[in-house]
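Bear in mind the structure is a predicted one, so any value in this text is a computation, not a measurement.
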Amino acid sequence: MQILTLPGLYNSGPGHWQTRWEAELPHVKRVEQQDWEHPVKDAWVATLSVAVNAATDEVVLVAHSLGCALTAWWLASGMPGVLDKSKVKAALLVAPPDVGRTDFPAASFSPMPLIRFPCPVAVVASSDDPWCDLSVAQDLARAWGAELHLIGAKGHINGESGLGSWKQGQDWLSTLVAKAAKTVQ
């Protein structure tokens, strides 16, 4: 399976677990947005569709922060432009943001779609995420039909969280990929 990483606002830097996964794990590729500083939902959705169409294998999405909102919007929009909608097999959503906050810097992603995902999905949330109260993350996971993993106080689960290559996250991804493979058979 092809793993597509979906970074959030400002992209994921060299110390971020997504960047490390791309360097260390096979079949992991970043979806590169044209503007990481001023995200526009429709442009990001279109870029994700292009990346899924370009993938030569089944796809698992691994999103962080605004990438989680992107995934929800992309699915809620019907995966616009995607030729084979059955290609997406699972999604790992890490640190979904509360896009409805008045201080959220990407207003076009509000409100967050509360749809049941058509594939296996897992949400990873931190108890002290500055961009999303734990209760909001729990509500999102419930609405999306996701398995919820709580990792304690790890901030926004980014490069500053000190996770390195984040073995626990890789294990959750492996479990999700295995679950996705079972649903294919």
Side-chain angles (χ1 to χ4, degrees), residues 3-25 28 30-31 33 36-37 39 41 44 48 60-76 90-117 119-180:
I3 309 296
L4 294 179
T5 59
L6 308 173
L9 186 65
Y10 310 122
N11 204 348
S12 293
H16 197 287
W17 56 268
Q18 281 183 318
T19 304
R20 289 175 179 251
W21 288 10
E22 291 158 9
E24 298 169 7
L25 302 175
V28 180
R30 179 170 301 196
V31 174
Q33 296 294 341
W36 291 108
E37 267 91 75
K41 178 189 64 171
W44 280 36
L48 177 52
V60 174
L61 304 174
V62 177
H64 177 258
S65 191
L66 191 59
C68 299
L70 166 62
T71 303
W73 272 107
W74 183 71
L75 290 170
L92 177 65
L93 308 177
V94 180
D98 182 354
V99 297
R101 290 170 40 157
T102 56
D103 64 341
F104 192 72
S108 67
F109 286 84
S110 182
M112 182 75 82
L114 301 176
I115 59 156
R116 187 157 189 92
F117 280 36
C119 59
V121 59
V123 169
V124 181
S126 167
S127 61
D128 65 345
D129 189 333
W131 287 105
C132 189
D133 290 337
L134 185 55
S135 63
V136 172
Q138 291 169 323
D139 290 344
L140 291 172
R142 209 172 2 264
W144 293 335
E147 183 176 346
L148 178 63
H149 301 288
L150 304 176
I151 65 166
K154 293 294 183 186
H156 196 46
I157 317 175
N158 55 15
E160 287 76 47
S161 298
L163 298 170
S165 295
W166 193 29
K167 175 75 170 89
Q168 185 179 39
Q170 291 179 33
D171 291 344
W172 286 329
L173 175 62
S174 294
T175 299
L176 192 60
V177 168
K179 189 181 292 186

- Item | Derivation and outcome, side-chain contact (heavy atoms from CB on, under 4.5 Å), residues Asp139 and Leu114 | CA-CA 9 Å; Asp139 290 344; Leu114 301 176; over 6 Å; no

- Query: Do Ser135 and Asp133 get their side chains close enough for a donor-acceptor pair, meaning under 3.5 Å?
  - Reply: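 Distance-only check fails for Ser135 and Asp133.
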
- Message: Just by distance, no angles: are the side chains of Thr19 and Arg30 close enough, under 3.5 Å, to form a donor-acceptor pair?
- Response: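 Their side chains do contain a donor-acceptor pair, which is all the 3.5 Å distance test asks for.
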
Close side-chain approach of [X] and [Y], heavy atoms under 4.5 Å:
X: Ile3; Y: Val177; answer: yes
X: Lys179; Y: Pro120; answer: yes
X: Thr71; Y: Leu93; answer: yes
X: Met112; Y: Leu140; answer: yes
X: Leu61; Y: Trp74; answer: yes
X: Leu75; Y: Ile115; answer: yes
X: Val99; Y: Trp131; answer: no
X: Trp166; Y: Lys154; answer: no

Taking all heavy atoms of [X] and all of [Y], pick out the closest pair and write down the distance.
X: Ala95; Y: Cys68; value: C-SG, 4.3 Å
X: Gly169; Y: Leu92; value: O-CD2, 4.2 Å
X: Pro97; Y: Ser65; value: CD-O, 3.0 Å
X: Asn11; Y: Trp36; value: ND2-NE1, 3.2 Å
X: Val123; Y: Ala146; value: CG2-CB, 3.7 Å

Spell out, as yes or no, whether a donor-acceptor pair under 3.5 Å connects the side chain of [X] to the backbone of [Y].
X: Ser108; Y: Lys41; answer: yes
X: Ser12; Y: Gln18; answer: no
X: Trp17; Y: Ile157; answer: yes
X: Trp73; Y: Phe109; answer: yes
X: His156; Y: Asn158; answer: no
X: Ser126; Y: Ala153; answer: no

- Task: Considering only NZ, NE, NH1 and NH2 on the basic side and carboxylate oxygens on the acidic side, decide whether Arg101 and Asp98 come within less than 4.0 Å.
- Result: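 Judged by the 4.0 Å cut-off on N to carboxylate O distance, Arg101 and Asp98 do not form a salt bridge.
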
- Task: Begin with the C-alpha distance, continue with both residues' side-chain angles, and end with the deciding distance and a verdict on ring-ring contact (aromatic ring centres under 6.0 Å, His included) for Trp144 and Phe117.
- Result: CA-CA 5 Å; Trp144 293 335; Phe117 280 36; 5.3 Å; yes

So, taking the atom named [atom1] in [X] and the one named [atom2] in [Y], what distance separates them when rounded to the nearest 0.5 Å?
X: Leu70; Y: Gln33; atom1: CG; atom2: CD; result: 6.0 Å
X: Glu147; Y: Leu176; atom1: CD; atom2: CG; result: 8.0 Å
X: Leu173; Y: Lys167; atom1: CG; atom2: NZ; result: 11.0 Å
X: Gln170; Y: Leu163; atom1: CD; atom2: CG; result: 11.0 Å

- Message: Set out, in order, the CA-CA distance, both residues' side-chain angles and the distance that settles side-chain contact (heavy atoms from CB on, under 4.5 Å) for Gln168 and Ile151, then state yes or no.
- Response: CA-CA 9 Å; Gln168 185 179 39; Ile151 65 166; 3.9 Å; yes

- Item | Verdict with reasoning, Leu6 to Val62, per side-chain contact (heavy atoms from CB on, under 4.5 Å) | CA-CA 6 Å; Leu6 308 173; Val62 177; over 6 Å; no

- Query: Mind checking what makes side chain to side chain donor-acceptor pair (under 3.5 Å) contact with Ser165, not counting sequence neighbours?
  - Reply: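 By the side chain to side chain donor-acceptor pair (under 3.5 Å) rule, Ser165 matches Glu24.
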
- Any chance you could lay out the side-chain contact (heavy atoms from CB on, under 4.5 Å) test for Thr5 and Val31, step after step, and finish with the verdict? CA-CA 6 Å; Thr5 59; Val31 174; over 6 Å; no

